[in-house]
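Below you'll find the structure, written out as structure tokens, and then a few comments.
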There are 2 protein chains.
Amino acid sequence: MASNAVMEETLQVLKDHKLRVTPQRHIILAYLVSHHNHPTVETIRDGVGKELPNVGASTVYNTLNTFVDHHLVVELQNGDGSTHYDYFGTPHYHAICTNCGRIVDVTYPGFSDTEKSLEKKTAELSGYMISGNHMEVYGLCPECQIKLGIKNNE
Amino acid sequence: MASNAVMEETLQVLKDHKLRVTPQRHIILAYLVSHHNHPTVETIRDGVGKELPNVGASTVYNTLNTFVDHHLVVELQNGDGSTHYDYFGTPHYHAICTNCGRIVDVTYPGFSDTEKSLEKKTAELSGYMISGNHMEVYGLCPECQIKLGIKNNE
DNA sequence: TTAGTAAGTGAGAACCATTCCAATGTAACT
DNA sequence: AGTTACATTGGAATGGTTCTCACTTACTAA
Ligand SMILES: [Mn+2]
Ligand SMILES: [Mn+2]
Ligand SMILES: [Zn+2]
Ligand SMILES: [Zn+2]
């Protein structure tokens, strides 16, 4: 469940974006703000089951699509067939395990400069009017390295 | 249709990867090598219709998945609902139009260094054993800028 | 405070890209 | 040429996402 502070913060975020404040939107956004597990729609429905026992799947999809349109949330595919969602409060990118699908956040000092530089170069070379980017790095997560016998469990 | 040189090149690529050389694989790979339009499965089936009039959809999917497994081809989503495929002979990344879905190739001198640096930092920070990355930049393509009245058609 | 209204919700049907299946065909090796 | 493991095919199945529409609700302007 989301803390009082998170509920206030998300209420303000919805208002700032001129989105109608419905219980569904408020609770789903609060869930995303307080969980960084890159959940699927199914995971989100389970996660908000206490507060929204009868929320429709279409409502969750509609809500998330609205958040994506307003750039509050980003979509991620990790190859397991369903879309994952991520509240994007602070800039970061993702490392995705090619074996188990685990998604972890990554950032480092200077990442923002790398990003800006990539966008600037892209604008010059392509003529596109840039609005954003996605960077993902693929590999085996530490657990899968052990599981597959590639790295010893020290 | 693919040139003789492309047919020889792709034949060798299949052999190098120890893939059985079937007409379907040979022709589909040749199509991808000689078309940089980031086609969907439907586009590919149309494109090889002359040489493979009765190719099954499942064969195209199987073939492409095999190529992806062997890192010959990468998958791209541009939000239009179906997957796009790209022969990845030379490293580059993509600018994707958020309005019409157009995908264009981008690269610049030093891009490879940016990539390597990102992968190295990611390995250090996440513990993942890195095998690759995807970088995408989003924005409005020049045509859509004009179409939407954001840029004047000079 | 109270309509009035545009927008959001929910259950289920529909959609459709992709995968699965079982039968048939074939590339590669001997 | 014979063997065999693998590839191809068309059709059925799958399943994540969108659509439909009757109902409800959050905002707004008297
Ligand atoms: Mn994240
Ligand atoms: Mn490309
Ligand atoms: Zn893993
Ligand atoms: Zn465009």
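All values below come from the heavy atoms of this structure, side chains included, with hydrogens, waters and symmetry mates left out. Keep in mind the model is a prediction, meaning the values are calculated, not measured. Order of the sequence lines fixes the chain letters, A, B, ..., with proteins taken first and strands second; residue numbering starts at 1 for each chain.
Using a 4.0 Å heavy-atom cutoff across all strands shown, B:Asp80 reaches no nucleic acid atom at all. Here A:Thr59 lies in heavy-atom contact (under 4.0 Å) with a base. When heavy atoms are screened at a 4.0 angstrom cut-off, B:Thr83 is found touching the sugar-phosphate backbone but no base atom. Residue contacts shown for B:Glu42 are absent, as no nucleic acid heavy atom lies under 4.0 Å away.
If you measure from atom CG of B:Asp69 to atom C1' of C:dT19, you get 14 Å, rounded to the nearest angstrom. Note: CD (A:Glu51) to P (C:dT9) measures 16 Å, nearest angstrom. As a whole-Å value, the separation of A:Leu64 CG from C:dG8 C1' is 14 Å. Taking atom NE2 on B:His17 and atom C1' on D:dA7, their separation rounds to 19 Å, with Å as the unit. Rounded to a whole Å, the CD1 atom of B:Ile44 is 14 Å from the C1' atom of C:dA17. Summarising the geometry, the separation between CG on B:Leu14 and C1' on C:dA27 is reported as 13 Å, rounded to the nearest angstrom. Counting to the nearest Å, the P atom of D:dG15 and the CD atom of A:Gln77 are 17 Å from each other. Atom P of nucleotide D:dC6 and atom NZ of B:Lys18 are separated by 15 Å, given to the nearest angstrom.
Among residues at least two apart or in separate chains, ring pair (Phe, Tyr, Trp, His ring centres under 6.0 Å) pairs with a member in residues 20-69 of chain B are B:Tyr31-B:His35, B:His38-B:His94.
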Test side chain to side chain donor-acceptor pair (under 3.5 Å) applied to A:Asn133 and B:Glu136, step by step: CA-CA 6 Å; A:Asn133 70 76; B:Glu136 295 177 348; over 6 Å; no
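Of the residues near DNA chain C, B:Thr22 and B:Ser82, the one whose nearest nucleotide (by heavy atom distance) lies more toward the 5' end is B:Ser82. Each of A:Ala57 and A:Leu19 lies near DNA chain C, and the nucleotide nearest A:Leu19 is the one positioned closer to the 5' end.
At the phosphate of C:dT19, OP1 or OP2 sits under 4.0 Å from a side-chain N or O atom of B:Asn65. Close to C:dT19, at under 4.0 Å from its OP1 or OP2, lies no side-chain N or O of B:Tyr61. At the phosphate of D:dT9, neither OP1 nor OP2 sits under 4.0 Å from any side-chain N or O atom of B:Asn62.
Considering only the side chain of A:Val41, D:dT17 comes nearest among D:dT17, C:dT9, C:dT19. Of the candidate nucleotides D:dT18, C:dT9, D:dT8, D:dT8 has the atom lying nearest to any side-chain atom of B:Gln24.
Aromatic pair B:His71/B:Phe88: ring centres not closer than 6.0 Å.
A:Ser126 approaches B:Pro142 most closely through the heavy-atom pair O-CG, 3.8 Å. Shortest non-hydrogen contact noted between B:Ile96 and B:Gly101 is CG2-O, 4.4 Å. Residues A:Tyr85 and A:Glu75 approach most closely at CE2-CG, 3.6 Å, considering heavy atoms.
On a pure distance criterion of 3.5 Å, a polar donor-acceptor pair joins the side chain of B:Arg20 and the base of D:dC6. A:Arg25 contributes no side-chain N or O that forms a donor-acceptor pair with the base of D:dA26 under 3.5 Å. Taking only distance into account, the side chain of A:Ser58 meets the base of C:dA11 through a donor-acceptor pair shorter than 3.5 Å.
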